[in-house]
**Q** 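What follows is a structure written as C-alpha cells; I'll ask about it next.
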Amino acid sequence: MTIRIYNTLSGKREPLKTLEPGHIKLYVCGITSYDYCHIGHARSALAFDMIVRYLRYRDYKVTYVRNFTDIDDKIIARAKEQNCSSDELAKRFIDEFYIDMDKLGIDRPDIEPKATDHIAEMTEIIGELIDKGIAYQAGNDVYYVVDRFPEYGKLSGRNLEEMKAGARIAVNEQKHNPMDFVLWKGSKPGEPTWDSPWGPGRPGWHIECSAMSRKYLGTTFDMHGGGKDLIFPHHENEIAQSEAANGKPFVTTWVHHGFVTIRDEKMSKSLGNFLTIRDILFHYHPEILRFFVFSTQYRNPLDFSESAMQDAASGLERLYKCVAGVEDLDPDSGVEEAQTVLIDGDKIKIGSMEERFQNAMDNDFNTAQAQGIFFDSVKAINRSVKNLPTTPARTDIVFLKSGVTTLKKLADIMGLLREDARDFLTAIKQQLLSEITIDETVINTMIAERNQCRIDKNWVRSDEIRDELLANNIELKDGPTGTEWTVKKS
RNA sequence: GGCGGCGUAGCCAAGUGGCUAAGGCAGUGGUCUGCAAAACCAUUAUUCAGCGGUUCGACUCCGCUCGCCGCCUCCA
C-alpha cells in the first residue's frame, strides 16, 4: 500500500512521492511568538507531529523544519504595551511554547530556525528578485510585483483579476499594484531594525519562509504544511517568491489542516473565543487533548466543547482499562495443555489490527478511522479476556499480550497510551478528585464502614453510605479484590 | 460578490460506485452482583440535508436548491 495525501495544490489525494527515495523534506509554518498558544496551535503542532511519526514508522527518513516568526508587527506592538523589547517578548513566548509542547509530548522538529537569525538569507532572495525585475523599491520598502508571476493564485485557486476587483486591502500609495506584497519594510523610529541595501528595516512575513526553507531544505522540497488560513496569502506568496527567485518548482505537496472551532466558529484572538493550551491542560490530561484532536481527520474542522472533551476522556479511559486488564494477566498462570478459548473473529480482529491501522493512516492520515480500529480491537481483546478460564492456555495469554503491545505501539504514533495504564487511571482519578470537595481519607473511612455493614448484611446502611458517596460524585465498585471507587464525571 | 469546504443515528465521527452504512460517547435490555458499578453480550440510521440526473448499481460522480463554515486583511 502506498500513502496517499491530500495536496492543496492539486485538490486531490495523491500517492506520496519524494524527490529523493525514502526521504521527505518537510517545512511547517510555526508560530508568531507574542502570546501563549491556543488549542489551534496545539492542533497544528499535533497534526504534524503525528504525520512525521507516521512517516517515520513507515520507514521514511523525514527532515522536519518548523520556524519561529520572532519579528513582526504584532510582536512589536505587544512589546511596546509590555515595555520590553520585541526580542525579549519573542524569546519569552518561545520558552512558553516549549513548555506547552513538552507537556503535550510533541517531539521537537529537526531544525527550528528563527526569522531574526536569517536576515541575510532574506535580503539575498530579495536582491535576486530585484535583479530579475520581480521586485521594486518604493520609498523605504521593497515590494513583489505580482503581475510578473503568471502562476500567482495557483495554490488558492484565485486569479489576479478577481482579486484586484474585490481587493479589501488598504490602498498604499507606494505600491504599483494593490496586490503587490511587501518583502522589506523600512523601519519606523523605535522599531527593531537591520541593515539592507534598501536602507534599515525588517523583513516582511512571507519572505522568511522562502529564505529559511531554501537554506535548510533546498530550492525544491517535498512537503510544506500549515493551517488552512495560511493558504492565502502566505503560502501563495511563498510560492511566488521562491519560484521566481529560484526558477524551479517550490514544493511538491501542500498539506493544510483544519481549524479548531468553538460553537462552529473559528477560534481566534479577534473573536476572543480562544482557549490556551494551558487552560486545557489545567483540567485535562494531555493525552485527552491528543485523543480529542485525533478523533477527527486533520483536514476537517474540530469543534471544541467541554462535552467533547468528556467524551474523549471516556474513550481514552476505555483504551487504558483494556491495557491495564491485559497487563494484569500473569503469563505463568497459562498452561501449555489448555485449549484456546479465543474465537476466530476476535483473533482475526486483533491479528489484523496493524494492517487495518496502516490502511486508515495511509489514506491521508485518517486518525479518526484509526481510532475506530483501536476500539474495535479493544472490544475483541476485552471479550477474550472475559472468556479466559481460571487456567487459560498460555498461547492465549501470549496472544492477548502481544495484541496490547501492538495497540500501544500504534497508539504511540498519535502520542496515546504512553503512560503506564495504572498510573494514568490513577492520575485521572486524582484530577477529578481535586475538583470536588470530598477528601480521600473520608472516602476510605466510609468504604471501610460500608464493608463492615456488608459483612453484617446490613444492606440498608451499606446502601446509604453508597448513596452518600454518590451524592459527592464518588462511585463504588465492589470487586473480588475489595471495593474500588471512581470519581463520577459530572 | 469571488473562491473553497461541510451537511451521515440524541451527540461526535469513518465510509477511495457494488458484500450486513466502522467506531466512540450517551441511552435501553440482559449476564454478573445482596442491590449497584465496572466489564461483557445484545440493541439504537430500509437510510446518508432536499430535489433531479448519469449508471446494471450512488452516501460516494454531475446539476440545482436549502443550511452552516472558512479564505479573500494579521491568523494554526
Side-chain angles (χ1 to χ4, degrees), chain A residues 4 8 11-13 28-32 37-48 69 72-74 77 153 156-159 161-163 165-170 179 205 225-234 236 256-261 264-270 274 291-292 295-297 299-303 305 307-308 310-316 318-319 321-322 325 356 359-360 362-364 366-379 382-387 454 457-460 462-463 466-467 470 475-480 483-486 488:
Chain A
R4 289 155 54 85
T8 308
K12 285 188 283 229
R13 261 174 233 181
V28 174
C29 292
I31 58 158
T32 299
C37 289
H38 59 61
I39 332 178
H41 299 114
R43 188 185 195 186
S44 178
L46 285 168
F48 290 105
T69 295
D72 153 273
D73 289 342
K74 286 190 296 295
S156 53
R158 293 150 206 261
N159 73 63
E161 293 314 309
E162 279 169 3
M163 283 192 276
R168 282 163 53 188
I169 331 166
M179 293 312 296
W205 176 38
K228 279 186 169 165
D229 47 357
L230 298 184
I231 295 171
F232 190 90
H234 185 53
E236 197 69 71
H256 292 101
H257 66 261
F259 304 126
V260 178
T261 60
D264 292 327
E265 280 190 321
K266 183 182 170 186
M267 189 180 285
S268 75
K269 302 231 158 142
S270 49
F274 65 94
F291 185 94
F292 166 68
S295 65
T296 297
Q297 204 262 356
R299 288 197 296 118
N300 295 136
L302 176 68
D303 200 50
S305 66
S307 72
Q310 293 291 352
D311 287 358
S314 302
L316 183 60
R318 183 174 164 81
L319 297 183
K321 279 178 184 167
C322 169
R356 291 186 294 142
N359 284 337
D362 279 357
N363 183 22
D364 201 21
N366 195 333
T367 53
Q369 194 174 33
Q371 284 188 352
I373 289 154
F374 293 160
F375 283 110
D376 198 49
S377 307
V378 159
K379 189 180 230 173
N382 283 341
R383 184 162 43 214
S384 303
V385 170
K386 178 82 178 172
N387 288 340
R454 292 177 69 222
K457 298 200 188 301
N458 182 356
W459 307 124
V460 175
S462 127
D463 287 356
R466 188 171 62 201
D467 290 344
L470 191 60
E475 265 183 333
L476 298 185
K477 174 184 167 187
D478 300 320
T483 300
E484 289 179 44
W485 57 271
T486 54
K488 195 181 165 199

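We name chains A, B, ... by the order of the sequence lines, and we start the count at 1 in each one. Every value quoted in this text rests on a predicted model; they were computed, and no experiment measured them. Computed over heavy atoms, backbone and side chain alike; hydrogens, waters and symmetry mates excluded.
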**Q** If you check the A:Arg383 side chain, which of B:rC40, B:rA76, B:rG2 turns out closest?
**A** B:rC40
**Q** Have a look at A:Ile39 and say if it touches a base, only the backbone sugar-phosphate, or nothing, with a 4.0 Å heavy-atom cut-off.
**A**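 If one applies the 4.0 Å heavy-atom cut-off, A:Ile39 turns out to touch nothing in the nucleic acid.
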**Q** For nucleotides B:rC59 and B:rA49, find the distance between their P atoms and express it as a whole number of Å.
**A**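 Result for the P pair: 10 Å, nearest Å.
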**Q** How would you label the contact of A:Phe259 with the nucleic acid (heavy atoms, under 4.0 Å): base, sugar-phosphate, or nothing?
**A** base
**Q** At under 4.0 Å between heavy atoms, what does A:Glu484 touch on the DNA or RNA strands: base, sugar-phosphate, or nothing?
**A** nothing
**Q** Of the listed nucleotides (B:rG70, B:rG34, B:rC72), which one gets closest to any side-chain atom of A:Arg466?
**A**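 The answer is B:rG34.
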**Q** Nearest to the side chain of A:His41, heavy atoms from C-beta on, is which of B:rA76, B:rC72, B:rC41?
**A** B:rA76
**Q** Kindly say whether A:Asp364 contributes a backbone atom to a donor-acceptor pair with the side chain of A:Gln297 at under 3.5 angstrom?
**A** yes
**Q** Taking the side chain of A:Asn366 as its heavy atoms from C-beta onward, which of B:rA13, B:rG34, B:rG15 lies nearest to it?
**A**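 Among B:rA13, B:rG34, B:rG15, the one nearest the side chain of A:Asn366 is B:rG15.
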**Q** Checking all strands, does A:Asn159 fall into the base, sugar-phosphate, or nothing category for heavy-atom contacts under 4.0 angstrom?
**A** nothing
**Q** When you compare B:rG15 with B:rA22, how far apart are their P atoms, in angstrom units rounded to a whole number?
**A**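 Pairwise P distance, B:rG15 against B:rA22, rounds to 14 Å.
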**Q** Decide yes or no, distance alone: a donor-acceptor N/O pair under 3.5 angstrom between the base of B:rC35 and the side-chain of A:Asp478.
**A**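 Yes, the side chain and the base share a sub-3.5 Å donor-acceptor pair.
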**Q** Tell me: CZ of A:Arg299 to P of B:rC71, nearest whole Å?
**A**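 Atom-to-atom, A:Arg299 to B:rC71, this comes out as 17 Å.
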**Q** Strictly distance-based, threshold 3.5 Å: is any side-chain N or O of A:Asp303 a donor or acceptor partner for the main-chain N or O of A:Asp264?
**A** yes
**Q** Just checking A:His234: base, sugar-phosphate only, or nothing, at a heavy-atom cut-off of under 4.0 Å?
**A** nothing
**Q** Given B:rA38, B:rG34, B:rC74, which nucleotide is nearest the side-chain atoms of A:Lys74?
**A**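 Closest nucleotide to the A:Lys74 side chain: B:rC74.
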**Q** Base, sugar-phosphate or nothing for A:Thr296? Non-hydrogen atoms, less than 4.0 Å.
**A**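 Sugar-phosphate, no base atom in range.
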**Q** Between B:rG10 and B:rC66, how far apart are the P atoms? Round to whole Å, please.
**A** 26 Å
**Q** Which heavy atom in A:Arg299 sits nearest to a heavy atom in A:His256, and how many Å separate them?
**A** CG-O, 3.5 Å
**Q** Determine the minimum heavy-atom distance between A:Ser156 and A:Glu236, stating which atoms define it.
**A** OG-OE1, 2.5 Å
**Q** Could you tell me how far B:rU47 sits from B:rU54 if I compare only their P atoms? Round to whole Å.
**A** 23 Å
**Q** Counting the atoms with a prime plus P, OP1 and OP2 as sugar-phosphate, which does A:His256 contact under 4.0 Å by heavy atoms, base, sugar-phosphate, or nothing?
**A** nothing
**Q** Decide yes or no for A:Thr483 and A:Arg454: does some side-chain heavy atom of the first lie under 4.5 Å from some side-chain heavy atom of the second?
**A** yes
**Q** For a quick check of understanding: with a heavy-atom distance under 4.0 Å over all strands, which category does A:Val260 fall into, base, sugar-phosphate or nothing?
**A**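 Since a base atom lies under 4.0 Å of A:Val260, the category is base.
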**Q** If we only count heavy atoms from C-beta on, is the A:Arg13 to A:Asn363 side-chain gap below 4.5 Å?
**A** yes
**Q** Let me check I have this right: for RNA chain B, each base becomes ., (, ), [, ] or |, based on Watson-Crick or G-U pairs with both distances under 3.5 Å. What is the full string?
**A** (((((((..(((.....[....))).(((((.......))))).....(((((..]....))))))))))))....
**Q** Looking at the side chain of A:His38, which of B:rG34, B:rA76, B:rG70 is the nearest nucleotide?
**A** B:rA76
**Q** As a test of reading the structure: which of B:rG15, B:rA36, B:rA76 is closest to the side chain of A:Asn363, going by heavy atoms?
**A**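 Within the option list, the nearest is B:rG15.
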**Q** B:rC40, B:rA76, B:rC35: which one has an atom nearest the side-chain heavy atoms of A:Arg454?
**A**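 So the nucleotide nearest the side chain must be B:rC35.
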**Q** Between atom CG in A:Leu230 and atom P in B:rG70, what is the gap in whole Å?
**A**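 From A:Leu230 CG to B:rG70 P: 16 Å.
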**Q** Given side chains that start at C-beta, do those of A:Thr261 and A:Met267 come closer than 4.5 Å, heavy atoms only?
**A** no
**Q** Just call it for A:Leu476: base, sugar-phosphate, or nothing, with non-hydrogen atoms closer than 4.0 Å on any strand.
**A**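 Base, at least one base atom sits under 4.0 Å.
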**Q** Is it the case that the side chain of A:Ser295 and the backbone of A:Phe292 share a donor-acceptor pair, with hydrogens and angles ignored and the cut-off at 3.5 Å?
**A**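 Judged by distance alone, yes, a pair lies under 3.5 Å.
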**Q** Write down the distance separating the P atoms in B:rA21 and B:rU31, rounded off to the nearest Å.
**A**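 Those two atoms are separated by 30 Å.
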**Q** Looking at A:Gly226, is its backbone amide N or carbonyl O close enough to the side chain of A:His257 to form a donor-acceptor pair, meaning the two atoms are under 3.5 Å apart?
**A** yes
**Q** Can you tell me how far C1' in B:rA36 sits from the matching atom in B:rC32, rounded to whole Å?
**A** 11 Å
**Q** Does a side-chain N or O of A:Asn300 approach OP1 or OP2 of B:rA14 to a distance below 4.0 Å, or not?
**A**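 Yes, within the criterion.
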**Q** Produce the list of close N/O pairs, under 3.5 Å, pairing protein atoms with atoms of nucleotides 19-26 of chain B; give distances to one decimal.
**A**
residue: B:rC25; atom: O2'; partner: A:Asp311; partner atom: OD1; Å: 2.5

**Q** From NZ of A:Lys386 over to P of B:rA39, roughly how many Å is that when rounded to an integer?
**A** 10 Å
**Q** Hey, is A:Arg466 close enough to A:Asp463 for a salt bridge, meaning N to O under 4.0 Å?
**A** yes
**Q** Taking the P atom in each of B:rC41 and B:rG52, what is the distance between them to the nearest angstrom?
**A** 42 Å
**Q** I need the CG-P distance between A:Asp229 and B:rU73, as an integer number of Å.
**A** 13 Å
**Q** Send over the distance from A:Lys12 NZ to B:rU16 P, rounded to a whole Å.
**A**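 So the NZ-P distance, A:Lys12 to B:rU16, works out to 17 Å.
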**Q** With sugar-phosphate meaning primed atoms plus P, OP1 and OP2, does A:Ser156 contact a base, only sugar-phosphate, or nothing at under 4.0 Å between heavy atoms?
**A**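 It contacts sugar-phosphate atoms only.
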**Q** Roughly how many Å is it from NZ in A:Lys477 to C1' in B:rC40, rounded to a whole number?
**A** 12 Å
**Q** Give one of base, sugar-phosphate or nothing for A:Asp463, where a contact means two heavy atoms less than 4.0 Å apart.
**A** base
**Q** Could you give the distance separating B:rG29 and B:rU65 at their C1' atoms, to the nearest angstrom?
**A** 43 Å
